[in-house]
Amino acid sequence: MTGDTLAVDLADPGNFLDDETPWRMFDALRRTAPVHWNPESDGGSGFWSLTRHADVVAVDRDQERFTSEKFVNLEEVDERQAEIRRSLLETDGPRHNALRRVLQREFTPRAVAGYATFLRGLTARTLDRALAHGTFDFVAEIAADFPINVLARMLDVPDGDTQKLIDWGNRIIANTDPDYADVLLHSEESERYRDLPFRSPASLEVFEYGRELAAKRRGGAGTDLVSRLVNQTPMDGVPLSDRDFDNYFLLLVVAGNETTRHAITHAMRALIEHPEQAERLREEPELMPVAVEEFLRWASPVYHFRRTATRDTEVGGTAIRAGDKVVLWFASANRDEDVFADPYRFDVTRTPNDHIAFGKGSHFCLGSALARLEMRIMFEELLPRLADVRLAGGIRRVRSNFVNGIKEMPVTVALA
């Protein structure tokens with residue numbers, strides 16, 4: 001069976017609305033067509049899907065043959081649009097390193113460790129409020145509330161603005177979900193916003209909000225992330241342009257909220273469905289750092305990132321032409337049988353655990369240490385409080401093939 005005859009379509013977000021279809025597609029591709037050409041029925045040019053761990057890691061680390069500068073999602077963009085939207089994610093080479101280092105010190109393990117006391121206090125307040133309800137939506141009351149408040153502190157924005165940050169992130173990153181989208185990506189109206197990230201009008205609102213913060217902090221002595229961006233020149237000596245700031249700020253608002261929220265939600269669901277694993281962590285809390293790595297592998301909150309071939313080349317013996325889109329399916333790689341024994345077993349003691357939830361190359365997630373700390377503290381504080389937790393209704397997933405998100409997960413809890 002060739003890749004072209006497989007009954008899979010990874011371009012259709014509708015195939016990512018249940019708990020089985022994406023994984024069946026990934027499993028089939030890893031077995032029979034790990035480098036698979038996927039046409040796009042909406043006018044896109046099509047793309048290569050890489051589903052094996054080894055191939056995903058190799059391409060993610062190879063900036064010479066595969067660039068992120070064209071764009072990192074599946075959307076078709078021309079050179080002008082790519083330049084307008086270019087953020088840290090869509091920048092390679094020395095400029096990427098220079099932009100990354102503007103904030104890198106703020107996200108080192110040592111730096112984020114300084115937030116531990118704040119995080120425990122924030123976690124306690126979040127849990128006190130949510131658990132008192134008995135039955136509630138875990139996403140809205142805990143998973144969304146927690147990371148956005150951490151981000152708000154790092155950006156030094158008013159507490160009252162956190163819901164706006166959540167809403168903006170939803171509308172931008174989940175723009176193919178009717179519950180969130182301003183306009184669906186390929187509608188005629190979306191052409192009005194063709195030069196905005198994800199063609200979302202919410203991007204304009206984020207830009208305007210960030211510019212107001214920047215104007216107040218430019219020239220000041222603040223140490224928040226916005227102050228760092230507007231008052232620090234990158235190491236290559238090229239100051240951030242207004243467009244650079246807009247796109248960097250938008251990336252922080254989206255990436256600093258969405259991925260951790262979904263990882264926490266998936267982890268909680270896994271613990272509900274595998275109560276023996278939750279009990280193991282209650283009995284052996286020292287396992288939590290190892291468990292967090294399994295949470296991340298299991299959740300794979302970002303399904304994919306895209307690269308573009310810079311020249312004629314090959315992957316896994318398959319010829320790829322210059323300009324072809326090459327999509328790295330991190331979620332599939334995190335279920336690769338050649339790397340993870342019994343990959344569909346949720347195991348909080350799994351080691352080694354060479355997951356790639358954060359990527360592997362130079363674009364390795366800037367906020368990885370913070371995400372790990374947030375997840376560790378959340379479950380260190382949450383699990384001892386619970387005598388029982390179970391689902392209280394249906395789970396609603398985000399309609400997206402980019403973010404592996406849960407937008408509603410009602411639970412009922414009994415306190416210890």
Side-chain angles (χ1 to χ4, degrees), residues 106-107 109 111-170 173-174 224-225 252-272 278 281 285 288-289 291-293 295-296 298-299 301-302 357-358 365-386 389 395 398 403-411 413 415:
E106 314 306 315
F107 289 99
V112 301
Y115 287 98
T117 299
F118 162 73
L119 285 170
R120 288 202 184 274
L122 172 62
T123 305
R125 292 192 297 275
T126 298
L127 296 180
D128 287 346
R129 182 171 58 249
L131 298 181
H133 295 305
T135 297
F136 57 92
D137 177 12
F138 184 87
V139 177
E141 299 298 330
I142 293 180
D145 183 77
F146 177 65
I148 200 64
N149 277 285
V150 179
L151 177 66
R153 180 183 175 97
M154 298 183 77
L155 294 171
D156 192 20
V157 303
D159 291 343
D161 289 350
T162 56
Q163 188 58 49
K164 289 195 294 189
L165 299 179
I166 292 173
D167 292 342
W168 285 329
N170 286 341
I173 204 71
D224 60 274
L225 299 185
L252 290 171
V253 168
V254 173
N257 167 36
E258 288 282 331
T259 51
T260 306
R261 172 178 69 173
H262 295 311
I264 289 172
T265 304
H266 280 291
M268 185 72 257
R269 181 184 181 184
L271 291 169
I272 291 171
L281 290 176
M288 192 61 73
V292 166
E293 300 308 309
F295 295 165
L296 290 163
W298 192 259
V302 176
F358 295 126
C365 177
L366 184 65
S368 59
L370 178 61
R372 285 182 164 113
L373 181 64
E374 288 177 345
M375 296 182 71
R376 177 172 65 80
I377 289 177
M378 169 56 69
F379 288 100
E380 284 176 348
E381 296 294 322
L382 175 58
L383 290 180
R385 292 185 181 220
L386 299 177
V389 55
I395 289 173
V398 177
V403 60
N404 182 13
I406 294 174
K407 58 186 174 184
E408 186 177 331
M409 188 174 78
V411 298
V413 300
L415 302 184

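Quantities reported herein were computed from a predicted structural model and do not represent experimental measurements.
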Restricting to non-hydrogen atoms, name the atom on [X] and the atom on [Y] that form the minimum distance, rounded to 0.1 Å.
{"X": "A299", "Y": "A263", "result": "CB-CA, 3.8 Å"}
{"X": "T265", "Y": "A143", "result": "OG1-CB, 3.1 Å"}
{"X": "A291", "Y": "L281", "result": "CB-CD2, 3.7 Å"}
{"X": "F118", "Y": "V150", "result": "CE2-CA, 4.1 Å"}
{"X": "A278", "Y": "L383", "result": "O-CD1, 4.3 Å"}
{"X": "A371", "Y": "T260", "result": "CB-OG1, 3.9 Å"}

Would you please test M268 and V411 for side chain to side chain contact (heavy atoms under 4.5 Å, CB included) and show each step? CA-CA 10 Å; M268 185 72 257; V411 298; 5.5 Å; no
So do the side chains of [X] and [Y] get within less than 4.5 Å of each other, counting heavy atoms only?
{"X": "R385", "Y": "D128", "result": "yes"}
{"X": "L252", "Y": "M154", "result": "no"}
{"X": "V157", "Y": "K164", "result": "no"}

L131 vs L386, test: side chain to side chain contact (heavy atoms under 4.5 Å, CB included). Steps then yes/no. CA-CA 9 Å; L131 298 181; L386 299 177; 4.1 Å; yes
Sequence-distant partners of [X], side chain to side chain donor-acceptor pair (under 3.5 Å), two or more places apart:
{"X": "R120", "answer": "E380, E381"}
{"X": "D224", "answer": "R217, S227"}
{"X": "D145", "answer": "T126, R129, N149"}
{"X": "T135", "answer": "T412"}

Mind checking the [atom1]-[atom2] spacing from [X] to [Y]? Nearest 0.5 Å is all I need.
{"X": "E141", "Y": "H133", "atom1": "CD", "atom2": "NE2", "result": "4.5 Å"}
{"X": "L373", "Y": "Y115", "atom1": "CG", "atom2": "OH", "result": "11.0 Å"}
{"X": "F146", "Y": "L122", "atom1": "CZ", "atom2": "CG", "result": "5.5 Å"}
{"X": "D156", "Y": "L151", "atom1": "CG", "atom2": "CG", "result": "11.5 Å"}
{"X": "M375", "Y": "M378", "atom1": "CE", "atom2": "CE", "result": "10.0 Å"}
{"X": "I264", "Y": "I142", "atom1": "CD1", "atom2": "CD1", "result": "9.0 Å"}

Could you please spell out the steps behind the side chain to side chain contact (heavy atoms under 4.5 Å, CB included) verdict for V403 and T259? CA-CA 8 Å; V403 60; T259 51; 5.6 Å; no
Would you check, one step at a time, whether the test salt bridge (charged side-chain N to carboxylate O under 4.0 Å, His left out) holds for D137 with K407? CA-CA 9 Å; D137 177 12; K407 58 186 174 184; over 6 Å; no
For N404, does its backbone N or O pair with a side-chain atom of H266 as donor and acceptor, under 3.5 Å? yes
Hits for ring-ring contact (aromatic ring centres under 6.0 Å, His included) against F379, two or more places apart or cross-chain, chain-then-number order -> F295
Given M409 and I395, is the side chain to side chain contact (heavy atoms under 4.5 Å, CB included) satisfied, shown in steps? CA-CA 5 Å; M409 188 174 78; I395 289 173; 3.8 Å; yes
Where at least one partner belongs to residues 365-374, residue pairs that pass side-chain hydrogen bond (donor to acceptor under 3.5 Å, both in side chains), sequence neighbours excluded: E293-R372
